[in-house]
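Step one of this worksheet: look at the structure below.
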Amino acid sequence: MSKGISRELTWIVAGLWIALFFGWATDLWTITLLAYFLFYVARQLYSIKRFEQWMKGSTKVPYPPSSGLWGELSYLVSRKQRSLEKHADLQFYKSEQFLAASMTIPDAIISLNEYNQIEWFNKSAKKIFKLKHSDTGRKIETLFRHPDFIQYLKSKHYGKGMILQSLNGMPRVFNIKLFPYFKEHKLLIVKDIHELYNLAQIRRDFVANASHELRTPLTVLNGYLEVMIDSIEPSSTWQKPLEQMHQQSYRMQSIIDDLLTLSSMESETITGKQKQVNVPQILQEMHIDAEQMSHGRHSIDFKVDMNLALKGFEEPLKSVFMNLISNAIRYTPENKSIEVRWYHDKRGAHFEVQDHGIGIAQEHLSRLTERFYRVDTARSRDTGGTGLGLAIVKHILERHHAKLVVTSQLGIGSVFRCDFPNRAVILLQDSDSESRDKKIPSRS
Ligand code: ADP
């Protein structure tokens with residue numbers, strides 16, 4: 001039995017004994033018991049009133065009832081209240097601590113509600129973007145008007161974030177990322193990466209300049225080596241060393257060309273507007289090149305959707321397609337088949353090269369697009385590889401908001417697939433419905 005009820009019962013029994021004593025002493029049993037009953041009810045009503053007033057926080061009743069059932073209830077309520085206050089104090093302390101910590105962060109942090117209105121921002125946001133207290137409640141799109149940012153905000157796919165080279169007229173590089181939380185609220189974090197970006201730019205410029213400087217002497221060297229090879233007797237002891245020198249300097253030239261391509265991708269020098277790229281036509285030409293590269297050692301099959309074009313940069317895209325096709329040829333043994341497919345589905349357009357070659361072990365797959373990463377260095381060199389092909393492919397695809405998906409099984413073969421988003425897809429006029437999914441005949 002609870003403490004409150006047992007106390008109340010003690011009061012009732014004690015009161016009853018007194019009432020019975022008076023009844024016995026006066027012989028007025030009914031009146032005494034009735035008086036006791038009325039007294040008990042009045043006392044309860046009074047306690048309820050006091051309890052109610054205390055609960056409402058009335059100044060007239062600063063203390064809760066202290067006896068009987070109501071006293072016990074008041075005690076339990078005030079104990080609960082104290083523990084809640086303690087908890088609230090702790091929460092308040094924690095949130096104060098969090099706010100104080102976020103104020104020291106050099107990145108701008110802006111909290112947005114489900115309508116993208118500013119709810120709160122830290123000191124750095126105030127300093128960098130000159131935010132004022134009155135900006136609370138303002139829509140973020142009215143503050144950050146950059147079209148790429150607005151598109152990112154609307155996309156609801158916040159993933160890796162985005163990089164902007166200027167924001168609100170500030171010519172600095174910002175890394176922007178949105179983190180969704182609690183019912184479509186978002187935390188916007190803007191990091192100033194200007195210095196970091198500049199350092200990376202210096203490194204890129206160095207590689208580009210060094211490659212550029214090496215290009216001319218190498219061309220001269222190559223030219224002389226070619227002349228020397230042509231002019232000496234085939235029986236000469238110099239024939240082999242000269243050929244090897246020529247091969248190596250040719251390889252160096254390929255590496256330098258690839259490094260230059262890569263640095264031009266990185267420093268965003270693919271300029272101009274994206275255009276309609278007639279992929280079926282390009283692949284038709286590439287089929288001839290592929291057959292020439294293979295020298296009839298493989299069976300190469302092209303399955304191309306003839307109505308499917310792409311919005312993008314033509315030359316870089318050609319480089320992606322050729323890199324993947326030439327890799328398939330280089331890493332596939334004789335008499336095996338290679339299939340090239342160009343098709344689209346509801347997710348977008350896909351360029352796929354499947355070979356039945358040497359394959360790649362799983363542990364290498366995630367590193368294939370790193371510069372100079374080779375699974376088999378000797379084989380790559382022997383087949384004229386630079387170790388930069390897939391790094392170039394990755395960069396070009398990123399520029400097209402596309403991604404490279406590689407699946408492979410060692411000894412069985414590989415599939416390299418480029419996934420282009422729907423927004424890049426252009427469907428050519430279907431003048432000849434039979435032209436869809438055409439198998440391009442081999443013309444080697
Ligand atoms: P490389 O010029 O060495 O071929 P890439 O960047 O094109 O450089 O490819 C990186 C590495 O990925 C290659 O060295 C090779 O080991 C592996 N690779 C690429 N394509 C294939 C393929 N189709 N089959 C097997 N391995 C491949």
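Remember, it's 1-based here, ligands and their atoms both numbered in the order they're listed. Numbers here simply count residues along the sequence, with the first being 1. Everything numeric in this text was worked out from a predicted model, so none of it was measured.
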Looking only at protein heavy atoms, which one is nearest to [atom], and what is the separation?
atom	value
atom 19 (C) of ligand 1	Asn327 ND2, 3.5 Å
atom 3 (O) of ligand 1	Ser380 OG, 2.5 Å
atom 16 (O) of ligand 1	Val375 N, 3.0 Å
atom 23 (N) of ligand 1	Asp355 OD2, 2.9 Å
atom 12 (O) of ligand 1	Leu368 CD2, 3.4 Å

Ligand-residue contact atoms, ligand 1 with [X], heavy atoms, under 4.0 Å:
X	answer
Arg374	3 (O), 14 (O)
Thr386	2 (O)
Ser414	24 (N)
Arg330	1 (P), 2 (O), 4 (O)

Partners meeting ring-ring contact (aromatic ring centres under 6.0 Å, His included) with Phe182 (sequence neighbours left out):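 Residues passing ring-ring contact (aromatic ring centres under 6.0 Å, His included) with Phe182: His185.
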
Residue portion contacting ligand 1 (non-hydrogen atoms closer than 4.0 Å) for Asp376: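 Contact part for Asp376 vs ligand 1: backbone (N, CA, C, O).
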
Side chain, backbone, both or neither: Ile360 near ligand 1, heavy atoms under 4.0 Å: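 Only the side chain of Ile360 comes within reach of ligand 1.
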
Ring geometry between Tyr158 and Tyr152 (parallel below 30°, tilted from 30 to 60°, perpendicular above 60°):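 The rings of Tyr152 and Tyr158 stand perpendicular, inter-plane angle above 60°.
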
Partner residues of Thr369 under the side chain to side chain donor-acceptor pair (under 3.5 Å) criterion, sequence neighbours left out: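 Testing Thr369 for side chain to side chain donor-acceptor pair (under 3.5 Å), a comparison that skips the adjacent residues, returns none.
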
Ligand 1 contacted by Gly387 (non-hydrogen, < 4.0 Å):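 Yes; Gly387 lies near enough to ligand 1 that a heavy-atom distance drops under 4.0 Å.
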
Arg379 touching ligand 1 at heavy-atom level, < 4.0 angstrom: no

CA sep, side-chain torsions, deciding dist, call: Phe149, Phe174, ring pair (Phe, Tyr, Trp, His ring centres under 6.0 Å): CA-CA 11 Å; Phe149 171 74; Phe174 292 105; over 10 Å; no

Ion pair present between [X] and [Y], side-chain N to carboxylate O less than 4.0 angstrom?
X	Y	answer
Glu195	Arg172	yes
Glu243	Lys240	no
Asp301	Lys303	no

If I apply the N/O under 3.5 Å rule, does [X] come out as touching ligand 1?
X	result
Ile358	no
Phe416	no
Leu390	yes

Residues, nucleotides or ligands: over 12 heavy atoms within 6.0 Å of Trp120 CH2: yes

Heavy-atom nearest option to atom 18 (N) of ligand 1, drawn from Phe372, Tyr331, Tyr373: Tyr331

Output field: ring centroids His344/Phe420 closer than 6.0 Å: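 That pair fails the under 6.0 Å test.
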
Whether Lys177 side chain and Gly159 backbone form a donor-acceptor pair below 3.5 Å: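 Pair found, side chain donor or acceptor close to backbone of Gly159.
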
Note, Trp54 side chain near Arg50 side chain (heavy atom, < 4.5 Å): no

